[in-house]
Colleague: 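Take this structure, written in structure tokens, and hold onto it; I'll ask about it next.
Quantities reported herein were computed from a predicted structural model and do not represent experimental measurements.
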There are 2 protein chains.
Amino acid sequence: MNIESLHLFVDVARTGSFAKAAAVHRLDPSVASRRISKLERDLGFRLFQRTTRTIALTEVGTEFFSRIEPHLIAIHEAQQAARDLVAQPIGVLRVTASTSFGYEILSPLLPEFLASAPRLRVELMLTDRRINLIEEGIDVAIRLGELPDSEFVATKIMPITFRLYGREKWSDASGVPEQLECVTYTGAAEAVRLRSPVGSIHDVKVNSRLAVSNALAMKRCVTMGVAPGLLPNWLVKSELADGTLVDLFPGYDYRSEPDRAAWFVYPTRLYVPSKVRAFIEFVTKRLSP
Amino acid sequence: MNIESLHLFVDVARTGSFAKAAAVHRLDPSVASRRISKLERDLGFRLFQRTTRTIALTEVGTEFFSRIEPHLIAIHEAQQAARDLVAQPIGVLRVTASTSFGYEILSPLLPEFLASAPRLRVELMLTDRRINLIEEGIDVAIRLGELPDSEFVATKIMPITFRLYGREKWSDASGVPEQLECVTYTGAAEAVRLRSPVGSIHDVKVNSRLAVSNALAMKRCVTMGVAPGLLPNWLVKSELADGTLVDLFPGYDYRSEPDRAAWFVYPTRLYVPSKVRAFIEFVTKRLSP
DNA sequence: GATATTCATGCGTTTTTAGCACTAAAGTGT
DNA sequence: ACACTTTAGTGCTAAAAACGCATGAATATC
């Protein structure tokens with residue numbers, strides 16, 4: 001049973017004519033006639049009595065008409081409302097990211113984003129586990145590092161580069177050391193390769209006596225003076241600005257695997273809700289150099 | 001947009017599974033999957049987020065679900081109610097017949113018929129005009145005499161035979177007269193042919209000094225003693241029983257045109273409402289010998 | 001880690017629908 | 001009273017949609 005046919009029925013009942021209702025719906029009159037006939041077959045009762053030139057609602061037709069009309073309208077309105085919901089950034093946007101990224105990067109952006117989308121609520125789920133986007137009803141996740149292989153869509157936010165930072169400038173006259181005592185991220189690389197301004201390559205072995213599983217805490221350990229650390233660019237902006245941390249080997253290039261970046265990850269590409277699009281656009285704009 | 005698909009959507013949302021909902025609807029899971037996809041295309045937004053093994057309502061899906069569900073139920077109930085309306089003799093039955101037939105035949109039947117269908121109202125439109133069944137919303141008409149040529153369905157109630165009746169037995173020893181002073185129905189035959197019990201044929205010329213356009217009034221004229229009259233069988237039952245009228249030529253056969261009868265006439269034969277069927281059955285049963 | 005469940009898709013077949021031309025009948029206007 | 005116009009409905013054919021089945025991919029589950 002077709003909803004459009006029910007709407008057509010309503011219009012036929014209103015106008016008292018297949019031809020007029022067909023014109024409203026941009027249909028050939030014969031199509032209107034046949035659709036109503038099919039509707040009657042589906043329903044199991046006759047809606048109109050017909051002569052070759054006139055139609056009249058049957059008793060059941062009248063009854064059915066008055067009963068379904070408000071509900072047809074309601075369903076149509078529900079559809080409209082739902083369309084608006086995906087067309088405008090309203091409703092609830094569920095975002096997940098690592099605690100560190102959320103704290104360091106997202107939090108400062110949120111006041112302005114929330115102001116730009118007044119009818120939107122944001123639920124920021126900060127966790128260092130990779131949770132299931134579907135089950136948790138996540139609209140968009142921010143994932144760092146390797147691009148996750150999945151059916152989800154990924155768009156790049158910004159490249160991520162790691163450099164060695166510490167409390168004080170590296171002043172050893174012999175230049176880049178062969179090994180360095182560092183605070184490390186759990187499971188991080190054990191060596192980094194640098195290229196000096198003049199082109200020479202230096203491999204630095206990273207000795208770690210303290211491995212931390214949280215980027216923020218790791219940074220704090222570095223600033224507290226435990227040891228230098230290999231830290232991502234996004235984590236150290238303010239510390240570089242106020243001098244709390246300094247680049248140990250400025251001018252050196254760090255060779256890193258390609259596509260090390262921050263990514264938006266979200267399900268599918270058809271019908272991306274506008275709240276998701278709005279968030280992605282806003283954040284990307286603010287974080288791109 | 002298909003109503004069944006909307007119901008399917010509701011069940012999928014409830015069970016959280018295409019396969020389960022498909023089983024409920026006796027569908028192949030792939031059909032369920034495709035119907036929901038088509039529904040999403042029609043609606044313009046995505047109802048579920050999917051992985052290969054799980055689905056979850058999107059935010060719009062949830063919103064849409066809760067908004068349309070009661071209306072879907074309401075439409076379904078409207079259909080059920082309408083089906084019941086045609087399946088049981090309830091509602092309003094509009095009947096038209098001639099005033100005479102209504103007075104003489106239908107009126108006595110109505111108490112019992114109404115009792116047999118307690119939820120039915122009857123509107124008895126007695127008129128000697130042949131009104132338009134469609135325009136007036138008539139469910140069933142009773143027409144006497146020649147079968148009307150039309151797109152309507154006709155079923156026979158009972159044969160109609162005309163005989164000559166008067167206040168007193170015909171006692172002329174010479175038997176059937178060649179001509180007879182009669183009260184006639186407007187436009188009625190001017191002669192009748194009788195066959196005696198022994199087989200002899202007698203043509204009686206009907207002389208009319210009074211023609212009446214209403215059968216009841218005509219009968220009354222006869223009983224009042226104006227003259228004998230050519231009256232239909234259905235009109236004289238009680239008068240024959242109580243002796244007010246007598247058959248002038250008992251034992252004689254009256255030759256009449258074929259198919260002179262009382263007919264039910266009603267629009268179409270598909271989806272005859274049960275109130276119409278009930279009425280036709282009841283009346284036919286009571287009037288058949 | 002093997003198995004089975006679940007959603008999705010490709011493909012050939014069947015069913016449904018649209019569009020057009022045409023018929024029959026009934027209003028409409030002169 | 002007559003021609004004209006409008007309206008509902010029907011054949012017919014081409015196009016579109018839906019179905020059922022087999023198959024594939026991914027992920028729960030035991």
Colleague: Let me know the distance between NE2 of His25(B) and P of dA18(D), rounded to the nearest Å.
Modeller: 17 Å
Colleague: Which nucleotide sits closest to the side chain of Arg34(A): dG20(D), dA8(D), dG11(D)?
Modeller: dG11(D)
Colleague: Aromatic rings His76(B) and His7(B): how do their planes relate, parallel, tilted or perpendicular, breaks at 30° and 60°?
Modeller: perpendicular
Colleague: Can you identify which nucleotide, out of dT27(D), dA25(C), dA8(D), has its nearest atom closest to the Thr52(B) side chain?
Modeller: dT27(D)
Colleague: Figure out the CG/P separation between Asn132(B) and dA25(C), and round it to whole Å.
Modeller: 15 Å
Colleague: Looking at Ser17(B), does any N or O in its side chain come under 4.0 Å of the phosphate oxygens OP1/OP2 on dC7(C)?
Modeller: yes
Colleague: Between P on dA8(C) and CD1 on Ile36(B), what's the gap in Å once rounded to a whole number?
Modeller: 10 Å
Colleague: How many whole angstroms separate atom CD of Glu135(A) from atom P of dT6(C)?
Modeller: 15 Å
Colleague: What class does the angle between the rings of Trp234(B) and Phe101(B) fall in, given that below 30° is parallel, 30 to 60° is tilted and above 60° is perpendicular?
Modeller: perpendicular
Colleague: Between Thr54(A) and Lys38(A), who's closer to the 5' end of DNA chain C by nearest nucleotide?
Modeller: Lys38(A)
Colleague: What residue among Phe18(A), Phe65(A), Phe64(A) forms ring-ring contact (aromatic ring centres under 6.0 Å, His included) with Phe48(A)?
Modeller: Phe18(A)
Colleague: Between dT17(C), dA26(C), dC20(C), spot the one nearest the side chain of Asp28(A), thanks.
Modeller: dC20(C)
Colleague: Select one nucleotide: of dA21(C), dC21(D), dA8(D), the one nearest the side-chain heavy atoms of Phe18(A).
Modeller: dA8(D)
Colleague: Report yes if at least one side-chain N or O of Ser33(B) is closer than 4.0 Å to OP1 or OP2 of dA8(C); otherwise report no.
Modeller: yes
Colleague: Between Asp128(A) and Ser213(A), does any side-chain donor sit less than 3.5 Å from a side-chain acceptor?
Modeller: no
Colleague: Let me know the distance between CG of Leu8(A) and P of dT17(C), rounded to the nearest Å.
Modeller: 13 Å
Colleague: Both Arg35(A) and Ser37(B) contact DNA chain C. Which one's nearest nucleotide lies toward the 5' end?
Modeller: Ser37(B)
Colleague: Nearest nucleotide by nearest heavy atom, which residue falls closer to the 5' end of DNA chain D, Thr51(B) or Gly16(A)?
Modeller: Gly16(A)
Colleague: Measure from the side-chain heavy atoms of Ser30(A) and tell me the nearest of dT7(D), dA17(D), dT10(D).
Modeller: dT10(D)
Colleague: With respect to the side chain of Ala19(A), which nucleotide from dA8(D), dC7(C), dA18(D) is positioned closest?
Modeller: dA8(D)
Colleague: Grab the CD-P distance between Gln49(A) and dG9(D) for me, whole Å please.
Modeller: 11 Å
Colleague: Less than 4.0 Å between a side-chain N and a carboxylate O, is that true for Arg50(B) and Glu40(B)?
Modeller: yes
Colleague: Rounded to whole Å, please give me the gap between CG in Asn2(B) and C1' in dT16(C).
Modeller: 12 Å
Colleague: For Ile55(B) and dA26(D), give me the distance from atom CD1 to atom C1', rounded to whole Å.
Modeller: 15 Å
